[in-house]
Amino acid sequence: MELLVDLTRCEGHGLCEEAAPGLIRLNDAAEPELLTPEVNAFEADARAAVRVCPVAALRLA
């Protein structure tokens, strides 16, 4: 499973980071960065991050 980020949609709200702190962090430009490419161990958190994003900038593939 892969978590994809559409940076053209992202507005830097940071809700993804709150939902999945072990998986996502916001960089200095308020863009989400994945802390690990392997999201299977964080599937519940990844799904939560996708769900809370107000601009649908995240998706699981």
In one Ile/Leu/Val/Met/Phe/Trp/Tyr side-chain cluster, 4.5 Å: L60, L7: yes

Same cluster (ILVMFWY, side-chain, under 4.5 Å), V50 and M1: yes

Distance check, rounded to the nearest 0.5 Å: [X] atom [atom1] versus [Y] atom [atom2]?
X   : Y   : atom1 : atom2 : result
L58 : R9  : CG    : CZ    : 10.5 Å
F42 : T36 : CZ    : OG1   : 6.0 Å
L3  : R47 : CG    : CZ    : 10.5 Å

Could you tabulate the donor-acceptor pairs under 3.5 Å formed by side-chain atoms of residues 13-26, not counting sequence neighbours?
residue: H13; atom: NE2; partner: E11; partner atom: OE1; Å: 3.0
residue: E17; atom: OE2; partner: L26; partner atom: N; Å: 3.2
residue: R25; atom: NH2; partner: E33; partner atom: OE1; Å: 2.9

Least distance between heavy atoms, P32 atom then V5 atom: CG-CG1, 3.5 Å

